[in-house]
J.: 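What follows is a structure written as structure tokens; I'll ask about it next.
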Amino acid sequence: MRRFLLLALPAVVALAVAGTASAAQLVDRNATGVHLAVNAKGEALLTYRTGGAIKHVLVWGAINALAPSTGAKQVKFKLDYAGGWGKYRSLYWQHFGASCAAYDGPSLPNVVAACKAPDGSYWAAQSWPQPQPDLGFTPWTPALSANWLEVSHWSGPVAQLETGMDWVYDGRFQDLFGRYTYQGNPVYGFGTTNYGAPTDGFGRLIYLDTFNSVYGQGWRRENSFVSHNPTGAFCYGFYPFDPTKGGYIHPPGQTAMRGPGTGDQYRLFAEGPGVTPDVATIVPGFHPFDAKNPQDVALQAQQSAVLASYGDKSCRAGH
């Protein structure tokens with residue numbers, strides 16, 4: 001599997017100009033007291049506190065997501081970190097004609113604010129510790145333990161994560177697999193960096209956490225990966241990994257092999273396609289394979305058939 005090297009992003013500053021962002025995308029870090037307001041013009045106003053200051057961010061210009069298409073561009077938000085001054089040349093946030101009807105949309109993870117707009121569409125703000133280090137390391141810098149604030153706008157169903165588990169390499173290792181879709185279409189991008197980070201607006205990362213594993217009690221980040229082109233499938237083998245190779249970051253001096261990170265259960269977070277919200281699912285833990293157990297043999301055949309039905313050749317290794 002390709003791994004994602006988490007890079008430090010520039011600090012968000014309050015500029016009097018409009019910027020752009022795609023997906024349920026990073027707006028800021030470590031925001032508290034998040035308030036979301038929306039209006040009939042397709043705009044949302046995020047108000048929150050971070051770094052001892054109150055921020056007002058105007059968001060507009062996109063809804064839902066496009067299916068992947070070569071040469072096309074995914075929908076993007078426009079963001080005004082000056083609360084509307086960049087768009088209207090006024091203190092727009094002070095007289096933002098808005099409401100926030102009760103949210104009655106789909107259940108979502110890590111929601112800190114959500115609204116139903118006058119046109120029936122939904123807005124949501126989600127905050128979660130996205131930049132945690134892989135391979136179960138405890139974050140050792142403030143940046144790695146930061147909570148990222150993201151915003152989304154959509155109508156209709158959100159993206160879906162299908163999941164399954166089987167064994168690979170004659171039952172020696174456990175394998176978590178699945179498929180990521182939106183409105184019945186696979187979610188995928190057209191390129192990644194050497195370490196697996198998406199390089200276009202269609203690719204999305206899926207984050208895998210493991211619970212009560214060899215890394216310790218509670219939830220730990222195991223890894224992250226993209227869903228594949230063109231199937232939307234993904235697969236992850238729980239193998240031992242060398243933290244000094246493959247683009248991982250690790251605490252100074254901690255260079256011993258890590259894993260396998262099998263746990264009691266698993267949690268997948270997926271970045272929403274376009275400007276749709278992030279979604280998540282819980283996967284029950286698996287058990288060591290017993291070739292003498294007819295139930296294990298039957299389960300392996302059944303789960304392998306599900307994976308094969310995706311038609312994803314890159315997920316056939318070890319089967």
J.: Rounded at 0.5 Å granularity, tell me how far CZ in Arg179 sits from OG1 in Thr163.
T.: 12.0 Å
J.: Centre-to-centre under 6.0 Å for Phe225 and Tyr236, is that the case here?
T.: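 So the answer is yes for these two rings.
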J.: Do Pro198 and Leu205 come close enough that some side-chain heavy atom pair is under 4.5 Å?
T.: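 Heavy-atom side-chain distance check passes, below 4.5 Å.
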J.: Which residues satisfy the side chain to side chain donor-acceptor pair (under 3.5 Å) test with Gln126, sequence neighbours excluded?
T.: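 Expected list: none.
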J.: Any side-chain heavy atom of Trp60 sitting closer than 4.5 Å to one from Lys87?
T.: yes
J.: Would you confirm whether the ring centroid of Tyr188 sits within less than 6.0 angstrom of the ring centroid of Phe190?
T.: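 Centroid separation for Phe190 and Tyr188: below 6.0 Å.
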J.: Parallel, tilted or perpendicular, judged at 30° and 60°: which one describes the rings of His287 and Trp167?
T.: perpendicular
J.: For the residue pair His250 and Phe137, does the interplanar ring angle fall in the parallel (under 30°), tilted (30 to 60°) or perpendicular (over 60°) class?
T.: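 The rings of His250 and Phe137 sit tilted, inter-plane angle from 30° to 60°.
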J.: Verify the distance criterion only: is there a donor paired with an acceptor across the side chains of Asp278 and Trp128 at less than 3.5 Å?
T.: yes
J.: Other residues, nucleotides and ligands only: do more than 12 of their heavy atoms fall within 6.0 Å of NZ on Lys73?
T.: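 For Lys73, atom NZ is not crowded (no more than 12 foreign heavy atoms under 6.0 Å).
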J.: Answer with yes or no whether the side chains of Gln132 and Tyr207 bring together a donor and an acceptor at under 3.5 Å.
T.: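 Note: Tyr207 and Gln132 side chains miss the donor-acceptor criterion.
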J.: Using the ring centroid of each side chain, check whether Tyr266 and Phe238 are separated by less than 6.0 Å.
T.: yes
J.: When the aromatic ring centroids of Trp148 and Phe269 are compared, is their separation below 6.0 Å?
T.: no
